[in-house]
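Below you'll find the structure, written out as structure tokens, and then a few comments.
For the numbers below, each heavy atom of this structure counts, side chains included, while hydrogens, waters and symmetry mates do not.
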2 protein chains.
Amino acid sequence: MSIATVSRIINGTAKVSPERKDAVEAAIAKLNFRPNAAARGLALGKSNTIGVITQAIDSPFYGEGLRGIEDYLQQRGYTALFMSGNWDEQDEERCMAELLSRRVDGIIIFSGRLQDRQLASYAKQVPLVVSGRSLKAPNIFSLQVDDERGAWLATRHLIELGHRRIAFIAGILDHPDASLRFKGYRRALADAGIAHDPKLVVPGDFHEEGGVEATLRLLKSGNKFSALFCVNDQTAYGACLALHRSGLNCPRDVSVVGFDDLHSSSYRVPPLTSVRQSIRVLGESSGAAMLQMLQGEQPDISLPQVELIVRESTAAPAKE
Amino acid sequence: MSIATVSRIINGTAKVSPERKDAVEAAIAKLNFRPNAAARGLALGKSNTIGVITQAIDSPFYGEGLRGIEDYLQQRGYTALFMSGNWDEQDEERCMAELLSRRVDGIIIFSGRLQDRQLASYAKQVPLVVSGRSLKAPNIFSLQVDDERGAWLATRHLIELGHRRIAFIAGILDHPDASLRFKGYRRALADAGIAHDPKLVVPGDFHEEGGVEATLRLLKSGNKFSALFCVNDQTAYGACLALHRSGLNCPRDVSVVGFDDLHSSSYRVPPLTSVRQSIRVLGESSGAAMLQMLQGEQPDISLPQVELIVRESTAAPAKE
DNA sequence: CTGAAAGCGCTTACAG
DNA sequence: CTGAAAGCGCTTACAG
């Protein structure tokens, strides 16, 4: 019996007599044989692997997205190869190089620092799905969460509660998510006829530590505020801690709202009001879009709307 | 010029005349050529890839460990291939099969449900590093955090603060980490001459939700307690929320200590007292042990001691 | 239904 | 220093 026949049996790629089939299957089980995926990939010209560049494999934010990608792809015969870009252009290029050399069938990129120009160039070699930016280019599909609307919802919620002095802790300056959220914040203020006070906007770093420092700075500045909209949940965690350290209570003294609705946000004390953008769905959608591209189709995926999840970190301002 | 020469130039595997070298490098740059890793792996019989089975790619606990592995391996020319086992034996077997078919050079397994017997059998095909259990078998190296000592430290801390009625929220029953931590808890009580009250021990699920429910059950049972030792930080988060919902304050009414010292624990309100076992180091150590095994050496890696990080969720019991 | 052969893209003795 | 050849483990026309 030839190896060609064995190949055909394993892949069910041709009719084979039952006896042979049984014999081969018995041998496979006995010898614990597993086809070599690399050899298979070589012969077929495809690896059944999708590279995924996330900024940190242990990011609480992107984590659920990775899970979404993994589940989606795995059920369809693909496996995901995850790499951390570390918010660093060089590192991301290293990841791309590695992924390309492994001949992944496509690459999904969560955010990151690669220039649009560079992405467009990589897209000549492999289909790309990018999230966190809107980029139109051949062989690239981009999926963008509606950051501006989310920020608008969050800020409007605070306004409806009666807040007028609403501070904003931003992310890193040149980060697209951060600027869109900032925009939504200002638009909500404008819509309510509230003047935007630049003194109430301070930079953060998307992490807890930045939230702590920004809040302390805000408190020390003497500029009054009764509510705090944070660019993301991690920043909000830091803000809450800073308030606590300063003897202030959330939400009695200051209301806080975050963005992302991390899983752990509903278990904070108090549970955090936040804007939910299902990052798991983002992951699944990225996977779906990629498989569509691999099929030669134009992806027709869109993300669910962001929504505000009101919990206990926001309340009407104290009467003064 | 032959492809053999190109191969030698790329790998620096033989002396080549400078002109040729320059010419080839120019061509590589021009054509954006990248050697096909699959073909290379086929020819060499090694993939330079280490499979990693974690239970959930988005686990806040194991996340830092994945990062540790990734960094360690990447700096040494290896890449990590992550897969989620989902705390499910079938899924883990699926991961193993996939990894073996990709001919990874070794596999690192964080915890999981695979039987020791099965691991020993897989180890005949590929070197294994396992964490979260102590297993002695050929071609397997296991790395075990000192759960019992950590639990002992946590419980003793509570005792030293003056607590006598200390409840324990356990994890899933048959989970080894959980039983070792339970053991450490009882030993600390015994060492202090405090009788162990089984009514103060309730099961959880290693997640926030389990912590909420367990705490509520404990509260409703009417069995008094002034402190709560939780099998892990996520459980402690849930416990804190349940206390809050019940109108109780941590640490004034009930002290809470966790285990793992997740990054976000230091940003809780109040910051959580917890047992630190650097999971990042666990990751790096796993990578190091694996590379040693690949070199044919017997790994000589050991983990740093666990330590108690005292923060603000623990205090002396209220005078009654 | 099945086998021999060529090819996927690389590496490495083996000869020059 | 360099090329031709064989081989890594698979798949798939091409012939039977």
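- Residue pairs meeting the side chain to side chain donor-acceptor pair (under 3.5 Å) criterion with at least one member in residues 278-296 of chain A, sequence neighbours excluded, are A:Asp71-A:Arg280, A:Arg280-A:Glu284, A:Gln292-A:Asp300.
- Under the side chain to side chain donor-acceptor pair (under 3.5 Å) criterion, A:Glu25 pairs with no residue, sequence neighbours left out.
- Around CD of A:Glu297, the count of heavy atoms belonging to other residues, nucleotides or ligands within 6.0 Å exceeds 12.
- Consecutive pairing runs in DNA chain C reach the stem threshold at C:1-3 with D:14-16, C:5-12 with D:5-12, C:14-16 with D:1-3, where a stem means at least three Watson-Crick or G-U wobble pairs with distances under 3.5 Å.
- Atom CG in A:Leu42 sits roughly 5 Å away from atom C1' in C:dG9 (whole-Å rounding).
- Of the residues in residues 22-33 of chain B, those with a non-hydrogen atom less than 4.0 angstrom from any atom of DNA chain C are B:Phe33.
- B:Arg34 has its CZ atom 13 Å from the P atom of C:dC10, to the nearest Å.
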Is there a side-chain contact (heavy atoms from CB on, under 4.5 Å) between A:Leu66 and B:Phe82? Walk through the geometry before answering. CA-CA 11 Å; A:Leu66 301 187; B:Phe82 301 109; over 6 Å; no

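- If you take NZ of B:Lys46 and P of D:dG7, they are 23 Å apart, rounded to a whole angstrom.
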Going through the checks in order, is the side-chain contact (heavy atoms from CB on, under 4.5 Å) test met by A:Glu92 and A:Gln118? CA-CA 11 Å; A:Glu92 284 177 66; A:Gln118 301 178 72; over 6 Å; no

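- Each of A:Arg276, A:Gln277, A:Gln234 was evaluated against A:Asp260; a single residue qualifies, A:Gln277, per the side-chain hydrogen bond (donor to acceptor under 3.5 Å, both in side chains) test.
- Comparing the same atom, C1', in D:dG16 and in D:dT12 gives a spacing of 16 Å after rounding to whole Å.
- Residues passing the ring pair (Phe, Tyr, Trp, His ring centres under 6.0 Å) test with B:Phe110 are B:Tyr62, sequence neighbours excluded.
- Of all heavy-atom pairs between B:Leu143 and B:Ile301, the closest is CD1-O, 4.2 Å.
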Derivation and outcome, side-chain contact (heavy atoms from CB on, under 4.5 Å), residues B:Ile53 and B:Leu99: CA-CA 9 Å; B:Ile53 299 183; B:Leu99 259 14; 3.7 Å; yes

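- Judged purely by distance below 3.5 Å, without hydrogens or angles, the side chains of B:Thr49 and A:Arg102 pair a donor atom with an acceptor atom.
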Assign a letter to each nucleotide of nucleotides 11-16 of chain D from its 5' end: B, base within under 4.0 Å of a protein heavy atom; S, sugar-phosphate only; -, no contact. BBB---

